[in-house]
There are 2 protein chains.
Amino acid sequence: MEAADAIPGYVYGSDDLERSPVSEDDLALLKQTVLFGDDDERQLRLAGEVLRDQVEDVLDVWYGFVASHPHLVRYFADADGNPIDGYLSRVRARFGQWIRDLCERPWDRAWLDYQEQIALRHTRAKKNETDAVEAPEQIPLRYMIAFVYPISATVRDFLAKKGHSEQEVDAMHQAWFKAVTLSVALWSRPYAGDAW
Amino acid sequence: MEAADAIPGYVYGSDDLERSPVSEDDLALLKQTVLFGDDDERQLRLAGEVLRDQVEDVLDVWYGFVASHPHLVRYFADADGNPIDGYLSRVRARFGQWIRDLCERPWDRAWLDYQEQIALRHTRAKKNETDAVEAPEQIPLRYMIAFVYPISATVRDFLAKKGHSEQEVDAMHQAWFKAVTLSVALWSRPYAGDAW
């Protein structure tokens, strides 16, 4: 996790971080629901090794996708609709670290608490605050959910770049798809109140 | 769509159905966000042909999954925790029809309106009402989102059963995955209010 403390707003593991209301039991049931088992945990670790030196390339694909869609990039733009470069680059650094954390960190209390922080930073509760910007006040839930597709699908090519067999790449990719789906489920919490 | 009118609570296209607040523009942007294009539409139609006589087998897999997980089957159970067979079978008939509709129907106003109906039937607004049962009053949003994984992944084997090439199966499967993700994004609407 080198240089992680240089990422703006990256407060993973901080004592000051508020606790997530999501319990370990909730997480265990979510893992069952996306069929995430011990083998997926191993596959996700391996995916982390494969992706580690490709994170910037993955982010290039994702940022290219957002930048080319006005209905997405507007959430990172000022009142005149101009993308805020400093905001985009701060978010980008955290997004890259999210890839590493998802693959490398244990999914424990500290991880759950930071997922809640990520969740809140997409909503009126905390969006813009960490980066001191004036952009739209929330990312609509529908786009959070829709992103399961591009964030899952686009990673397969990168998983295939280190000489693993088709079967190994598939196993890593399924673990990644499950982990992304579970992440979005966690990030949806503040949107739904007691219907979460 | 034979026999569709025999499905309890299946009111697709009814004049009495309330309109979805989701606009055609909203849908178009969601399609862009899950990268659903004209080729996916063709692939989804083909998937519909491949799945048509396997719908009951697909439902067997999904129902087996739900039935074997107490934290899921409880949403179809009475106050004592006993699964309500009549409720499960009515929902099953609509779930099967949803597979056919998703693949075969145009995604037009009637389709959007019925997605909203499906959405409401997972929430306090309408769950239990159509089937006159007393089960838990809502399906938590987190499980709606988590289901993107099993509902997407388990269909691949069925798409591969009619002699198509790996590449053709992959193309159908990606279209299916996109369509499921988009469906869940639509079904999340009543959970999020103006943050949708």
Side-chain angles (χ1 to χ4, degrees), chain A residues 22 25-36 40 65-66 68-72 122-125 127 137-154 156 166 170 173-175 177-196, chain B residues 22 25-36 40 65-66 68-72 122-125 127 137-154 156 166 170 173-175 177-196:
Chain A
V22 178
D25 286 347
D26 292 334
L27 176 61
L29 294 177
L30 271 179
K31 287 169 74 171
Q32 288 182 31
T33 314
V34 300
L35 301 167
F36 192 94
D40 292 300
F65 174 66
V66 169
S68 65
H69 288 89
H71 74 285
L72 298 175
H122 289 93
T123 70
R124 283 195 188 93
K127 187 171 178 295
E137 63 184 0
Q138 62 187 344
I139 310 276
L141 175 64
R142 65 190 182 277
Y143 294 137
M144 299 294 292
I145 296 172
F147 257 66
V148 167
Y149 183 80
I151 297 292
S152 292
T154 54
R156 195 182 191 289
E166 280 290 298
D170 274 342
H173 190 221
Q174 290 303 305
F177 175 11
K178 295 173 186 183
V180 169
T181 305
L182 184 144
S183 296
V184 173
L186 292 174
W187 298 343
S188 74
R189 200 209 54 78
Y191 291 88
D194 67 356
W196 181 73
Chain B
V22 178
D25 286 348
D26 292 334
L27 176 62
L29 294 176
L30 270 180
K31 286 169 74 172
Q32 288 181 32
T33 313
V34 299
L35 301 166
F36 192 94
D40 291 300
F65 175 66
V66 169
S68 65
H69 287 89
H71 75 284
L72 299 175
H122 288 92
T123 70
R124 283 194 188 92
K127 187 172 178 293
E137 62 184 1
Q138 62 187 342
I139 310 275
L141 175 63
R142 64 189 183 276
Y143 294 137
M144 300 294 292
I145 296 172
F147 257 67
V148 168
Y149 183 80
I151 298 292
S152 293
T154 53
R156 195 182 190 287
E166 280 291 297
D170 274 342
H173 190 221
Q174 290 303 303
F177 176 9
K178 294 173 186 184
V180 169
T181 305
L182 185 143
S183 297
V184 173
L186 291 174
W187 298 343
S188 75
R189 200 209 54 77
Y191 292 87
D194 68 357
W196 182 73

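Order of the sequence lines sets the chain letters (A, B, ...), proteins ahead of strands, with each chain counted from 1.
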Non-hydrogen atoms of chain A under 4.5 Å away: do they reach the side chain of [X], the backbone, both or neither?
X      : value
B:L29  : both
B:S152 : side chain
B:R124 : side chain
B:F65  : side chain
B:Q138 : side chain

After noting the C-alpha distance and the side-chain angles of A:D26 and B:R142, does the key distance pass the side chain to side chain contact (heavy atoms under 4.5 Å, CB included) rule?
CA-CA 10 Å; A:D26 292 334; B:R142 64 189 183 276; 4.1 Å; yes
Distance from A:T181 atom OG1 to A:L30 atom CG, nearest 0.5 Å?
10.5 Å
Is the B:F36-A:Y149 ring centre distance short of 6.0 angstrom?
no
Dump the intermediate steps for side chain to side chain contact (heavy atoms under 4.5 Å, CB included) on A:L27 and A:L182, then the final yes or no.
CA-CA 9 Å; A:L27 176 61; A:L182 184 144; 3.9 Å; yes
Is A:E137 close to chain B through its backbone or its side chain, or both, or neither, when contacts mean heavy atoms under 4.5 Å?
neither
Identify the residue among A:V184, A:I139, A:L72 that makes a side-chain contact (heavy atoms from CB on, under 4.5 Å) with A:F147.
A:L72
With a 4.5 Å cut-off on heavy-atom pairs, point out which of A:W196, A:Y191, A:Y143 contacts chain B the most.
A:W196
Under 30°, 30 to 60°, or over 60°: which ring-plane class applies to B:W187 and B:H122, parallel, tilted or perpendicular?
parallel
